[in-house]
Protein chains: 2
Amino acid sequence: MTGKLVAAELKRKGFKLTPQRRAIIGVISQSQEHLTPADIYAKLKAKHRGIGLVTVYRALNMLERSGMLCEVHIGDTCRSYLKRPSGHHHHLVCKGCGKVVDFSDCELDDLEQRVTQDTGFRIDRHLLEFLGRCPECQAGRRGKS
Amino acid sequence: MTGKLVAAELKRKGFKLTPQRRAIIGVISQSQEHLTPADIYAKLKAKHRGIGLVTVYRALNMLERSGMLCEVHIGDTCRSYLKRPSGHHHHLVCKGCGKVVDFSDCELDDLEQRVTQDTGFRIDRHLLEFLGRCPECQAGRRGKS
DNA sequence: GCCTAATTGAAAATGATTTTCATCCATAAC
DNA sequence: GTTATGGATGAAAATCATTTTCAATTAGGC
Ligand SMILES: [Mn+2]
Ligand SMILES: [Mn+2]
Ligand SMILES: [Zn+2]
Ligand SMILES: [Zn+2]
């Protein structure tokens with residue numbers, strides 16, 4: 001999901017489009033990794049002038065509530081954000097460089113049905129993530145961007 | 001995994017078996033839900049005399065490092081703990097009462113292979129959780145234990 | 001351009017977790 | 001059983017993340 005699209009969506013939902021929000025969305029949209037609020041703040045301070053960390057938190061909450069972000073749980077941290085491609089998908093996370101790749105076919109229906117039969121639970125949603133190493137990190141070239 | 005077994009395992013690994021640790025392991029082993037450090041502390045204060053919250057944190061870290069606990073990510077919180085049954089397994093979480101049921105067949109090999117082919121990642125591990133409602137909560141009887 | 005509600009940022013408040021440090025005690029050695 | 005000792009404990013302080021407060025600013029509708 002490109003930054004322009006997110007901005008348009010924001011506007012459509014009646015949120016104001018401030019320079020700060022533009023900048024925050026820009027940082028998230030361009031990153032290949034999942035970013036913590038502090039990560040985003042650090043990247044912003046580098047380029048733009050004083051944006052408050054509070055504003056980053058508020059923007060993230062807003063974007064999350066609007067369904068325009070998603071979280072990553074496996075790996076180090078549980079609160080980190082990513083731009084959200086449209087539709088149901090899951091994450092493949094590189095434990096070397098932090099890169100996150102999306103994939104969309106999960107084919108868990110059979111398993112869900114079996115588990116439902118065994119337990120009587122009604123299943124609403126699932127969390128599926130893979131952790132591994134990307135080709136670059138396997139090749140030896142490593143390090144956080 | 002029963003409390004006795006965890007205690008034995010602790011001893012085997014060279015940790016001391018204190019009354020506090022016994023109590024903490026007992027609480028975790030008996031619970032059907034995932035518990036936050038504060039949850040555990042609250043349950044302990046009820047029965048035993050002054051155990052420090054710090055000690056709960058320290059015990060949890062130790063147990064986690066030793067692979068005797070597992071986490072639950074889907075739902076409200078990401079820092080909550082459960083007794084760990086031996087072997088690879090996953091969690092089915094009730095969003096009504098918090099009960100957690102384990103299941104062990106995940107059959108993600110095919111999907112992992114496909115994702116590996118598509119992306120070149122080497123996959124080390126996966127996180128899979130289902131969120132839903134247990135039979136009791138579906139029937140209407142709800143509420144945290 | 002003006003108005004107004006939404007947004008911002010500094011600071012303070014809150015909440016969770018970790019560190020510090022003096023004291024205690026579980027266990028192994030005698 | 002006694003003793004020695006390193007690991008464990010708990011209160012308090014320190015740290016770290018996140019939220020709240022509030023006065024000042026501003027985006028977007030008119
Ligand atoms: Mn899926
Ligand atoms: Mn599995
Ligand atoms: Zn990588
Ligand atoms: Zn339930």
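Below, read A as the first sequence line, B as the second, and so on, with proteins coming before strands; counting in each chain starts at 1.
You can see that DNA chain D meets the heavy atoms of chain B within a 4.0 Å-exclusive cut from dG6(D) to dA11(D), reading 5' to 3'.
For Arg58(B) and dC24(C), the CZ to C1' distance is 13 Å, given to the nearest whole Å. In this structure, OH of Tyr41(B) is placed 14 Å from C1' of dA16(C), rounded to the nearest angstrom. Whole-Å rounding puts the Asn61(A) CG to dT8(C) P distance at 12 Å. Whole-Å rounding puts the Ile40(B) CD1 to dA16(C) C1' distance at 14 Å. The CG atom of Leu53(A) sits 15 Å away from the C1' atom of dT14(C) (whole-angstrom rounding).
In terms of heavy atoms, Leu60(B) sits closest to Pro37(B) at CD1-CG, 3.7 Å.
Ring centers of Tyr57(A) and Tyr41(A): at least 6.0 Å apart, outside the cut-off.
For residues 5-28 of chain A, there are no ring pair (Phe, Tyr, Trp, His ring centres under 6.0 Å) pairs, not counting sequence neighbours. Within the structure, salt bridge (charged side-chain N to carboxylate O under 4.0 Å, His left out) pairs that include any residue of residues 102-111 of chain B comprise Arg114(A)-Asp105(B), Arg114(A)-Glu107(B) (at least two apart or interchain).
A donor atom on one side chain and an acceptor atom on the other are found under 3.5 Å apart for His126(B) and His88(B).
Applying the 4.0 Å criterion to OP1 and OP2 of dT8(C), one finds that Arg21(A) has a side-chain N or O inside that range.
Position along DNA chain C of the nearest nucleotide to Ala38(B) versus Thr55(A) favours Thr55(A) as the more 5'-ward residue.
Residues forming a side-chain hydrogen bond (donor to acceptor under 3.5 Å, both in side chains) with His73(B) (at least two apart in sequence, or on another chain): Glu71(B). Considering only residues two or more places apart in sequence or on other chains, Phe121(B) meets the ring pair (Phe, Tyr, Trp, His ring centres under 6.0 Å) condition with none of them.
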* To do: Decide yes or no on side-chain contact (heavy atoms from CB on, under 4.5 Å) for Asp124(B) and Arg122(B), but give the supporting numbers first.
  => CA-CA 7 Å; Asp124(B) 294 330; Arg122(B) 185 165 55 73; 3.0 Å; yes
* Structure fact -> Per-nt protein contacts along nucleotides 25-30 of chain C (heavy atom under 4.0 Å; B base, S backbone sugar-phosphate only, - none) come out as -BS---
